[in-house]
Amino acid sequence: MKYITTLALLLSALSVAAQKTRSLDGKTSPKATLEQVSWIQGSWEGEAFGGKVQEVWAPPLGDSMMCAFKLVVDNKVQFYELCQIREENGTLVLRLKHFNGDLKAWEEKDETVDFPLVSIEENIAYFDGFTVQKISKNKLNMYVMVGEPGKEQEVEFNYSRSAN
């Protein structure tokens, strides 16, 4: 029994160590600029949620970078996201809004899902519950916490730069 408990604790610790997302936990977001995440720009594609995903990030312009995301399963759009990374108060916020395939919003009119910046390194930006990591010039990974509060799971998206 003691061995099983020790094994369970070890596996739990490994799971947390492998997790790529981080939480702000009441701390203040660090200073950052769009230039530090400009490597995200481009057209990306991959697979997730049983289908194909596309994500397109425009280069920084003004105080933000914009993004469009699409999930297609069985040749039908499941949902879209309109996203931005925006400079606000000397730091960054990743903000998004979900839409059904017919462009009806999931969130209320003035609501968005916001991910404040937790920390930033040369090739990785940790937002609260959403991490973007540059693997190489043509590979990008994103890690997102999804699910109901208390039952969230981290989902990994592995993107390749689109040839188009």
Side-chain angles (χ1 to χ4, degrees), residues 16 18-49 51-72 77-101 103-149 152-164:
V16 170
Q19 184 172 313
K20 292 285 190 177
T21 53
R22 296 185 180 173
S23 174
L24 198 55
D25 287 332
K27 299 176 194 143
T28 303
S29 292
K31 298 285 183 195
T33 67
L34 289 172
E35 197 57 38
Q36 291 174 271
V37 294
S38 63
W39 46 262
I40 297 170
Q41 66 186 297
S43 182
W44 304 93
E45 53 189 27
E47 294 183 10
F49 300 121
K52 295 182 186 249
V53 291
Q54 293 178 323
E55 190 156 327
V56 180
W57 281 92
L61 179 63
D63 60 357
S64 69
M65 291 178 71
M66 68 176 173
C67 163
F69 168 95
K70 175 171 61 172
L71 169 65
V72 176
V77 174
Q78 298 301 300
F79 71 92
Y80 295 100
E81 290 175 351
L82 184 58
C83 321
Q84 68 173 199
I85 296 177
R86 185 170 176 178
E87 280 188 33
E88 293 182 2
N89 302 314
T91 189
L92 302 174
V93 176
L94 190 151
R95 185 172 286 127
L96 60 86
K97 194 169 186 97
H98 299 90
F99 300 87
N100 290 327
L103 292 182
K104 292 185 179 155
W106 294 9
E107 292 84 18
E108 292 296 320
K109 178 181 173 184
D110 293 333
E111 291 179 4
T112 56
V113 181
D114 297 357
F115 303 91
L117 186 67
V118 174
S119 66
I120 193 164
E121 298 170 16
E122 184 177 345
N123 292 315
I124 191 164
Y126 296 97
F127 295 90
D128 191 351
F130 196 122
T131 298
V132 184
Q133 181 180 27
K134 177 182 177 183
I135 304 301
S136 70
K137 179 182 175 189
N138 295 315
K139 298 281 183 191
L140 192 71
N141 288 351
M142 293 190 185
Y143 307 88
V144 184
M145 295 302 289
V146 298
E148 299 294 318
E152 298 99 338
Q153 291 186 335
E154 186 178 81
V155 175
E156 181 175 339
F157 294 79
N158 304 113
Y159 288 106
S160 295
R161 191 173 296 278
S162 176
N164 299 334

Thr91-Lys31 side chain donor-acceptor pair, cut-off 3.5 Å: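 Short answer, no.
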[X] side chain to [Y] main-chain N or O, any donor-acceptor pair under 3.5 Å?
| X | Y | result |
| --- | --- | --- |
| Lys97 | Glu108 | yes |
| Glu87 | Leu34 | yes |
| Gln133 | Asn123 | no |

Atom pair [atom1] ([X]) and [atom2] ([Y]), whose distance is rounded to the nearest 0.5 Å:
| X | Y | atom1 | atom2 | value |
| --- | --- | --- | --- | --- |
| Met145 | Asp128 | CE | CG | 10.0 Å |
| Arg86 | Leu94 | CZ | CG | 13.0 Å |
| Ile85 | Leu96 | CD1 | CG | 10.5 Å |
| Arg95 | Gln84 | CZ | CD | 5.0 Å |
| Lys134 | Ile124 | NZ | CD1 | 13.0 Å |
| Trp44 | Leu140 | CH2 | CG | 4.5 Å |

Applying the ring-ring contact (aromatic ring centres under 6.0 Å, His included) test to Phe69, which of Phe99, Tyr80, Phe79 qualifies?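 The option that passes is Phe79.
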So which atom in [X] and which in [Y] form the shortest heavy-atom distance, rounded to 0.1 Å?
| X | Y | value |
| --- | --- | --- |
| Trp39 | Glu122 | NE1-O, 3.4 Å |
| Glu35 | Ser38 | O-OG, 3.1 Å |
| Arg161 | Gln41 | NH1-O, 3.5 Å |
| Gln36 | Ala32 | OE1-CA, 3.1 Å |
| Ser162 | Glu45 | OG-OE1, 3.5 Å |
| Ala48 | Leu71 | O-CD1, 3.4 Å |

Is any side-chain heavy atom of [Y] closer than 4.5 Å to one of [X]?
| X | Y | result |
| --- | --- | --- |
| Ser29 | Leu92 | no |
| Tyr159 | Lys139 | no |
| Val132 | Val37 | no |

Please name all residues satisfying side chain to side chain donor-acceptor pair (under 3.5 Å) with Thr112, sequence neighbours left out, ordered by chain then number.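 For Thr112 the side chain to side chain donor-acceptor pair (under 3.5 Å) partners, ignoring immediate neighbours, are Asp114.
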Step by step, work out the ring pair (Phe, Tyr, Trp, His ring centres under 6.0 Å) result for Phe157 and Phe130. CA-CA 11 Å; Phe157 294 79; Phe130 196 122; 7.9 Å; no
Pair Cys67-Glu55, side-chain contact (heavy atoms from CB on, under 4.5 Å): steps then yes or no: CA-CA 7 Å; Cys67 163; Glu55 190 156 327; 3.5 Å; yes
When you look at CG of Leu103, are more than 12 heavy atoms from neighbouring residues, nucleotides or ligands closer to it than 6.0 Å?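 Yes - once you tally the heavy atoms of other residues, nucleotides and ligands closer than 6.0 Å, there are more than 12.
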Tell me if the aromatic rings of Phe127 and Phe115 count as close, with their centers under 6.0 Å from one another.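 Judged by ring-centre distance (under 6.0 Å), Phe127 and Phe115 do not meet the cut-off.
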Which residues pass the salt bridge (Lys or Arg N to Asp or Glu O under 4.0 Å) test with Lys104, not counting sequence neighbours?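 Partners of Lys104 by the salt bridge (Lys or Arg N to Asp or Glu O under 4.0 Å) criterion, ordered by chain and then number, come out as Asp102.
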